Number of protein chains: 2
Amino acid sequence: MQVKSESVNKKDQNRENILKIAREIFSKYGFKKTTLDDIASAVRKGKSSLYYYFKSKEDLFHAVIMKEVEILAYELEIVINRNTDPVDKLRDYILTKLATFRGLANFYHAIENDVTAVGFIEEIKIRYEQDEIRMIKRILIEGVRKNEFEIYDFNLAAIGITTAIKGLEMPLTAGTYGEVNLERTVDIILKIMCYGIMKR
Amino acid sequence: MQVKSESVNKKDQNRENILKIAREIFSKYGFKKTTLDDIASAVRKGKSSLYYYFKSKEDLFHAVIMKEVEILAYELEIVINRNTDPVDKLRDYILTKLATFRGLANFYHAIENDVTAVGFIEEIKIRYEQDEIRMIKRILIEGVRKNEFEIYDFNLAAIGITTAIKGLEMPLTAGTYGEVNLERTVDIILKIMCYGIMKR
DNA sequence: CGTCCTTTTGATTAAAATGTTCAAAACTGT
DNA sequence: ACAGTTTTGAACATTTTAATCAAAAGGACG
C-alpha cells in the first residue's frame, strides 16, 4: 500500500501546478476564451486528466480565484499588523486591496459579458464584505487608541469606509479603463474621511 | 443617384474603423481566439455586417496585417531618409523593424499553433524580403559613399545582413518568450558586422 | 510477478459556438 | 416613391468544447 501522505502530496503538488498555470492563462484570456485544452497542453497533460483534479472548468476557475483571494487576505493581514500610523495603515490597506483587485479584474477582462466569471467575483465580494468590515474596524479602533481618530460608532464608520472602498473598486471591475489615477483618488477620499468636510 | 465618391468614402471610413478595432482585438487574443462576434460587437454592428466589408474572417485578418505592414514600411522609409550616420541608420532600421515585429508577433501569440496566422506572416516575410534587401543595400551604398563602409559586393552584403536580421526576428515569432534583451543583441551583431565592414 | 492504488488518457457524446450565406429590412439622399 | 447603400436576423454546416468513462499505464510493495 502506498503511504497516503505521500500520494496526497503528489496529487496536491500537481493540483498546485495546474492552478498556477491556469491562473496565468485565465488572467490572459478571461474565463470564456480559455479552454481546458489550453490549460491541459500548458501543463502537458491530456485534457481529461484535469478532471482528476477538478470536477469542472468552473470548479478550476473557482479554485484559481479562491487562491487569489487567499493571497489578498494574506497581504492585507500583513498590512494590518504593520506598526504604522493609522492613516497610513488605512491607505495601505486600500491600495493593497485595489492593486490585487486590479489583477482579479483581469480574469474577466473579456469583451463580452462573461457572466460566470462576473458571478464568481460578485459572490466573493459579498462573502468577504463582513471580513472587510471587521478589518477596517480594527484599524479604526487602533486609531482611536492611538488618539488619532475620534469615532463614536465603530460599526457605522467601518461600514461607511468599506462602502467607499467598494466605490473605488467599481472602475476596476466595470469597464472603466481610462486611467483614473487611483492613487490620487484614494488620497482625496482619505483626506475627506480623515479631516471631514467641515471647516473648523 | 448618390454620388459615388461620397458613398465610397463612407464605406471606406467604416472599413477603416473596423480594421482599427479588429487590430486591437486580434493583437490581444490572436487569430483563433478572436471571434467575429467579438469584433462585430466592438464596432456595434451585427456579425453579418462585417461581411459587407470583408469576405471572410481570414480576409479581415489579412487586411489588418497588411495595414500593419504598411505602417512598418512607412516607418522604415522615414528611418532610411533620416540624415544619420550609416551605422546608426542600420541600427535604427533593425530596431524599428524589430519593434514593429514584436507587435506583429502578438497577432498569433496563442498557445496553440495558429496555423492560419503563422501562414500569413510567413507569407509576408517572404514577400517583403526583396524590399528589405533593397533597403539595406541603399544604406550600405550610402555608407560607402560617406566613406564609412568598404564593401565590394553590395548584393551579397545586403543579403547577409538581411539574414542576420531574420535571425533576430526568430525569437519574436517563435515561442522564445524569455526576455532576450534584443537591443543588446542587436548592438553585438552590429559591432561584429561593422568591424568586418568598416574601413580602417 | 501480481496486487492494489494512483494517475493519465483516448474515444465518445451532447451541447454550444462560430463562420458564412441570404433574403429581407432599414436607411439615405433625390 | 425610388434606387442605391448598409444593416441585420434567421438559418445552416462545421468545429469546438466541456464532460464522461472505461481502459490503460505507472508505481510501490510484498
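Predicted model, so just to flag it, every value in this text is computed and none were measured. In what follows, every chain begins at residue 1, and chains take the letters A, B, ... in the order their sequences are listed.
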Just checking, any donor-acceptor pair under 3.5 angstrom between side chains of B/Tyr29 and B/Asp38? no
Nucleotide nearest B/Lys45 (side chain, heavy atoms from C-beta), chosen from C/dT7, C/dA17, D/dT7: D/dT7
If you compare every side-chain N and O of B/Tyr51 against the phosphate oxygens of C/dT20 (OP1, OP2), does one of them come in below 4.0 Å? yes
Distance, rounded to the nearest Å, where B/Arg44 contributes CZ and D/dT6 contributes C1': 18 Å
Ring geometry between B/Phe26 and B/Phe61 (parallel below 30°, tilted from 30 to 60°, perpendicular above 60°): perpendicular
Looking at A/Ser48 and C/dG10, is any side-chain donor or acceptor paired with a base atom of the opposite kind under 3.5 Å? yes
Measure the distance from CG on B/Asp37 to C1' on C/dT20 and round it to the nearest whole Å. 12 Å
Quick one: does NZ or CZ of B/Lys11 land under 6.0 Å from the six-membered ring centre of B/Tyr52, within 45 degrees of the ring axis? yes
Expressed as a whole number of angstroms, how long is the span from A/Asp12:CG to C/dT7:C1'? 14 Å
A/Ser49 side-chain N/O to C/dT9 phosphate OP1/OP2 under 4.0 Å: yes
Tell whether B/Lys47 reaches the base of D/dG9 with its side chain through a donor-acceptor pair below 3.5 angstrom. no
Per atom distances to the B/Lys11 side chain, the nearest of C/dT7, D/dT6, D/dA19 is D/dT6
Take A/Glu142 and A/Lys146 through the test salt bridge (Lys or Arg N to Asp or Glu O under 4.0 Å) and record every step on the way to the result. CA-CA 6 Å; A/Glu142 189 188 347; A/Lys146 285 191 175 173; 3.5 Å; yes
Look at A/Asn14 and C/dT6 and indicate whether a side-chain polar atom (N or O) is within less than 4.0 Å of OP1 or OP2. no
Could you check how far NZ of A/Lys57 sits from P of D/dT20, rounded to whole Å? 15 Å
Nearest-angstrom distance from the residue atom CG of B/Asn9 to P of D/dG4: 20 Å
Taking atom C1' of C/dT9 as reference, at what distance in whole Å does atom CG of A/Leu36 sit? 15 Å
Taking atom P of D/dT6 as reference, at what distance in whole Å does atom CD1 of B/Ile18 sit? 11 Å
With respect to the side chain of A/Tyr52, which nucleotide from C/dG19, C/dT7, D/dA10 is positioned closest? C/dT7
Is the phosphate of D/dT7 approached by B/Tyr53 (side-chain N or O, under 4.0 Å from OP1 or OP2)? yes
Round to the nearest Å and state the distance from A/Phe54 atom CZ to D/dA18 atom P. 15 Å
Side-chain donor-acceptor pair present, A/Glu132, A/Tyr93, cut-off under 3.5 Å: yes
